[in-house]
Amino acid sequence: MRGWGWGERPPRPTPAPPCLAGHLYRRLPPEETGELRLQPQDSEKAKTLVHAFLKRSMPKMKDEAIQDMLTRKAVVLEHYHKKQTKQKRKKTKGFTAKQRRELRLFEIEPEQQRYAIFLPLHELWKQYIRDLCHGLKPDAQPHMIQSKLLKADLHGAIVTVTKSKCPSYVGITGIILQEFKHIFKIITKEDKLKVVPKLNNVFSLELDGFISYIYGSKFLLRASERSAKKFKLKGTIDL
């Protein structure tokens with residue numbers, strides 16, 4: 001133990017910190033409440049307000065611990081983050097192939113199977129192809145137009161079956177109403193709906209003097225799949 005020499009004074013003991021609660025619940029002077037436009041409250045109301053605020057800010061702490069912190073040291077408020085449960089998004093399921101058949105979503109009613117009804121659709125298709133090919137001019141390169149037609153939407157185009165392994169299909173001409181992976185549904189001028197398979201058939205398509213041929217055996221794709229497919233040029237193509 002260290003002794004104190006002659007003339008030395010022992011250090012003064014550190015005074016105990018004043019109670020924090022006394023400062024929290026102390027009434028503000030009238031001049032400060034006037035500047036802040038606050039209504040003065042008594043100590044009991046202030047105590048209730050502070051206790052409720054601390055309880056809400058520190059929900060995991062007990063009342064005794066809060067009172068102990070008020071009398072001994074400053075209060076450090078904790079950030080309490082509520083866990084939010086994420087709701088799983090339900091994926092919307094489309095109709096199955098069986099449900100589509102039962103609902104007859106792709107069926108064309110007999111009273112709607114008329115060639116004249118779909119002539120405006122053909123006019124829209126012609127304008128769509130002209131815009132797609134920047135005008136079918138005589139000096140346009142045939143292979144460039146052909147590559148765009150292979151990826152274009154054919155709903156509304158007038159096609160003719162020029163070659164087929166089944167002679168009964170040859171000569172069928174009409175407007176394409178529906179295109180599926182393996183078949184075309186065509187409405188003829190006689191108001192007859194024909195279902196023509198793509199396989200083993202060659203279709204011709206004419207627009208503004210430009211004739212294009214579609215080999216159905218190499219065209220077994222849906223319309224949405226053709227837009228992303230790269231077609232390769234081939235010298236000879238069989239049925």
Side-chain angles (χ1 to χ4, degrees), residues 89-109 112-113 115 117-136 140-166 168-188 192-239:
R89 293 183 179 180
K90 295 182 179 180
K91 295 182 178 179
T92 55
K93 295 182 179 180
F95 292 113
T96 62
K98 182 180 179 181
Q99 290 174 336
R100 289 195 293 266
R101 287 192 299 268
E102 292 175 351
L103 295 173
R104 303 179 64 185
L105 295 179
F106 299 110
E107 295 292 332
I108 300 175
E109 300 296 334
Q112 300 295 327
Q113 297 178 10
Y115 185 84
I117 294 179
F118 298 98
L119 282 175
L121 176 63
H122 174 62
E123 295 299 325
L124 289 174
W125 181 84
K126 289 195 297 184
Q127 186 60 43
Y128 155 68
I129 294 299
R130 293 189 185 108
D131 295 340
L132 181 66
C133 300
H134 306 289
L136 296 174
Q141 298 180 357
H143 68 276
M144 294 296 294
I145 298 176
Q146 179 73 16
S147 62
K148 291 184 178 181
L149 286 176
L150 289 174
K151 297 185 178 183
D153 192 337
L154 298 180
H155 292 88
I158 294 179
V159 295
T160 302
V161 182
T162 56
K163 293 182 180 179
S164 177
K165 287 188 176 182
C166 181
S168 61
Y169 289 128
V170 177
I172 295 177
T173 303
I175 301 174
I176 295 178
L177 300 186
Q178 292 175 323
E179 179 188 358
F180 298 94
K181 184 175 181 179
H182 297 284
I183 62 171
F184 285 124
K185 283 189 178 182
I186 300 172
I187 186 73
T188 64
K192 293 183 179 180
L193 187 64
K194 301 288 186 179
V195 180
V196 183
K198 295 180 180 180
L199 188 65
N200 300 328
N201 286 323
V202 180
F203 304 87
S204 65
L205 185 151
E206 190 272 335
L207 179 62
D208 296 343
F210 181 83
I211 301 176
S212 177
Y213 292 96
I214 299 173
Y215 287 81
S217 299
K218 308 298 179 181
F219 214 67
L220 301 178
L221 296 167
R222 297 181 178 88
S224 58
E225 296 173 347
R226 286 192 288 103
S227 61
K229 180 177 175 57
K230 293 183 179 180
F231 292 91
K232 296 181 180 179
L233 296 176
K234 296 184 179 181
T236 58
I237 301 178
D238 298 330
L239 288 177

J.: Mind checking the CD1-CD spacing from I186 to Q178? Nearest 0.5 Å is all I need.
T.: 11.5 Å
J.: Counting N and O atoms only, with roles assigned by atom type, does the side chain of H122 sit under 3.5 Å from a partner on the main chain of G156, one being a donor and the other an acceptor?
T.: yes
J.: With a 4.0 Å cut-off on N to O distance, would you call E179 and K198 a salt bridge?
T.: yes
J.: If I compare all heavy atoms of I108 with all of Q113, which pair ends up nearest, and what's the gap?
T.: O-NE2, 3.0 Å
J.: Take N200 and Y169 through the side-chain contact (heavy atoms from CB on, under 4.5 Å) test and state the conclusion after the steps.
T.: CA-CA 10 Å; N200 300 328; Y169 289 128; over 6 Å; no
J.: If every non-hydrogen atom of I187 is compared with every non-hydrogen atom of Y115, which pair is closest and at what distance?
T.: O-CD1, 3.6 Å
J.: Check E206, Q146, K148 against S212 for a side-chain hydrogen bond (donor to acceptor under 3.5 Å, both in side chains) and give me the one that passes.
T.: Q146
J.: Is the distance between the ring centroids of F184 and F203 under 6.0 Å?
T.: yes
J.: CD1/I172 to NZ/K192 distance, rounded to the nearest 0.5 angstrom?
T.: 10.5 Å
J.: Could you go through the side-chain contact (heavy atoms from CB on, under 4.5 Å) check for L150 and F219 one step at a time?
T.: CA-CA 9 Å; L150 289 174; F219 214 67; 3.8 Å; yes
J.: Of D208, L149, L205, D153, which is the lone residue that meets side-chain contact (heavy atoms from CB on, under 4.5 Å) with I129?
T.: L149
J.: If you measure from OH on Y213 to OG1 on T162, what distance do you get to the nearest 0.5 Å?
T.: 6.0 Å
J.: Verify, without hydrogens or angle tests, whether K185 (side chain) and F180 (backbone) share a donor-acceptor contact under 3.5 angstrom.
T.: no
J.: From I158 CD1 over to F118 CZ, what is the distance, rounded to the nearest 0.5 angstrom?
T.: 13.0 Å
J.: What pair of heavy atoms forms the shortest contact from I183 to P197, and how long is it?
T.: CG2-CA, 4.0 Å
J.: Return the minimal non-hydrogen interatomic distance between I176 and L154, and the atom names on each side.
T.: CB-O, 3.5 Å
J.: Could you check whether atom NZ of K194 has more than 12 heavy atoms from other residues, nucleotides or ligands sitting under 6.0 Å from it?
T.: no
J.: Search all heavy atoms of L177 against all heavy atoms of H155 and return the closest pair with its distance.
T.: O-CD2, 3.1 Å
J.: Would you check if the side chain of Q112 reaches a backbone N or O of E109 as a donor-acceptor pair within less than 3.5 Å?
T.: no
J.: Run the numbers on L199 and H182 for side-chain contact (heavy atoms from CB on, under 4.5 Å), then give the verdict.
T.: CA-CA 7 Å; L199 188 65; H182 297 284; over 6 Å; no
